[in-house]
Number of protein chains: 2
Amino acid sequence: MNQDYTANAKIIKALSDPSRLKIIDILSCGEMCACDILEHFDFTQPTLSHHMKVLMGCGIVECRKEGLWNYYSLNGTNCNKLILFLMSLITNTDDCICKEKTKGGCK
Amino acid sequence: MNQDYTANAKIIKALSDPSRLKIIDILSCGEMCACDILEHFDFTQPTLSHHMKVLMGCGIVECRKEGLWNYYSLNGTNCNKLILFLMSLITNTDDCICKEKTKGGCK
DNA sequence: ATTAAATATAGATATATATCTATATAGGGG
DNA sequence: CCCCTATATAGATATATATCTATATTTAAT
């Protein structure tokens, strides 16, 4: 399997959860500490910790530690790369995996 | 949980698999029947059937039946909607879920 | 040093899913 | 009607994951 598919699938998988989409939405306003993010949700602190780990594991979110607090923010570059990947994926480009259509019968 | 998050998470989850990303890439060239898509993969026909069901279930792929063959194609409108959702998600907009940053301490 | 607060980790559980083999269904051709 | 091909479904299995409770770690303040 092409490495691009695998690497981007990991990022996309990190975004495939409603709670994590909401976290991304929250962080789009700027950096925020975990305890303030948590107030937007009904789940427990360890669950948020898990979600943040997933989002950081794929490079879409970064963390700045300051005293007791973890300040999280979006990695804008990686967000943009994901958008560009998806746009190129759905766009018929010259280097597309298939060269010709199959209209009029298979094989 | 906001309905947008849930609905889009379902679409994003459908794209969170390397094989399904490859299928999207293949379909970006135009419609293709299942048997021809299958030739790009090592897994079995029922597995492809499963993947196509997932991709259709979220509205990102459509199917046109013709005789024995199923011709699959991307739903361009829904692809575009997904891109737009992601772009609005990572962009700090007026209707963002959080109104102010938390610089300088939490709570 | 003790305490309190923020976060992380461990372990458990329930659910989802990617894949397989085996079988069923459906449509076309002879 | 019978066979072949394309696709779907059923059922099994192994793995992943979202969540919880309980506990550990880290850092600051007193």
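So that the names make sense, note that chain A is the first sequence line, chain B the second, and so on, each numbered from 1.
- Within the 4.5 Å cutoff, the side chain of B:I12 has heavy atoms near those of the B:L86 side chain.
- Put simply, NZ on B:K13 is 15 Å from P on D:dA16, counting in whole angstrom units.
- The side chain of B:T47 places no N or O atom within less than 4.0 Å of a non-bridging phosphate oxygen (OP1 or OP2) of C:dA18.
- Summary of the strand contacts: B:T44 and A:P46 both lie near DNA chain C, and taking for each the nucleotide with the nearest heavy atom, the more 5' one is attributed to A:P46.
- Phosphate proximity of C:dT7 to A:S49: absent, as no side-chain N or O sits under 4.0 Å from OP1 or OP2.
- Picking from D:dT7, C:dA26, D:dT19 the nucleotide with the shortest atom distance to the side chain of B:C35 gives D:dT7.
- Side-chain contact annotation: B:D25 with A:Y5, donor-acceptor N/O pair under 3.5 Å present.
- Atom CD1 in B:I37 sits about 13 Å away from atom C1' in D:dA6, given to the nearest Å.
- Computed from coordinates, the A:M52 CE to D:dA18 C1' distance equals 16 Å when rounded to whole Å.
- In this structure, B:H50 reaches the bases: a heavy-atom distance under 4.0 Å links it to at least one base atom across the strands shown.
- Here D:dT9 is the nucleotide among C:dT7, D:dT9, D:dT7 with the atom lying nearest to any side-chain atom of B:K53.
- Computed from coordinates, the B:L21 CG to C:dA18 P distance equals 12 Å when rounded to whole Å.
- B:L48 places its CG atom 13 Å from the P atom of D:dA6, with the value rounded to the nearest Å.
- Salt-bridge formation is not detected for the pair B:E62/B:R64: no Lys NZ or Arg NE/NH1/NH2 atom is positioned less than 4.0 Å from an Asp or Glu carboxylate oxygen.
- When the side-chain nitrogen and oxygen atoms of A:N70 are compared with OP1 and OP2 of C:dA8, one or more of them lie within a distance under 4.0 Å.
- Across the protein-nucleic acid pair, A:L38 atom CG and C:dA6 atom C1' stand 11 Å apart, rounded to whole Å.
- For the pair B:M56 CE and D:dA8 C1', the computed distance is 12 Å after rounding to whole Å.
- Of the candidate nucleotides C:dA6, C:dT7, C:dA18, C:dT7 has the atom lying nearest to any side-chain atom of A:A34.
- At a cut-off of 3.5 angstrom, counting only N and O atoms as typed in the model, there is no donor on one side facing an acceptor on the other between the side-chain of B:Q45 and the base of D:dA6.
- The residue among A:G67 and A:D42 whose nearest nucleotide of DNA chain D is located toward the 5' end is A:D42.
- For the residue pair A:S88 and A:T91, no side-chain donor N or O sits within less than 3.5 Å of a side-chain acceptor on the partner.
- A:H51 has its ring centre no less than 6.0 Å from the ring centre of A:F41.
- Rounded to a whole Å, the NE2 atom of A:H51 is 16 Å from the P atom of C:dT7.
- Here C:dA8 is the nucleotide among D:dT7, C:dA26, C:dA8 with the atom lying nearest to any side-chain atom of A:K65.
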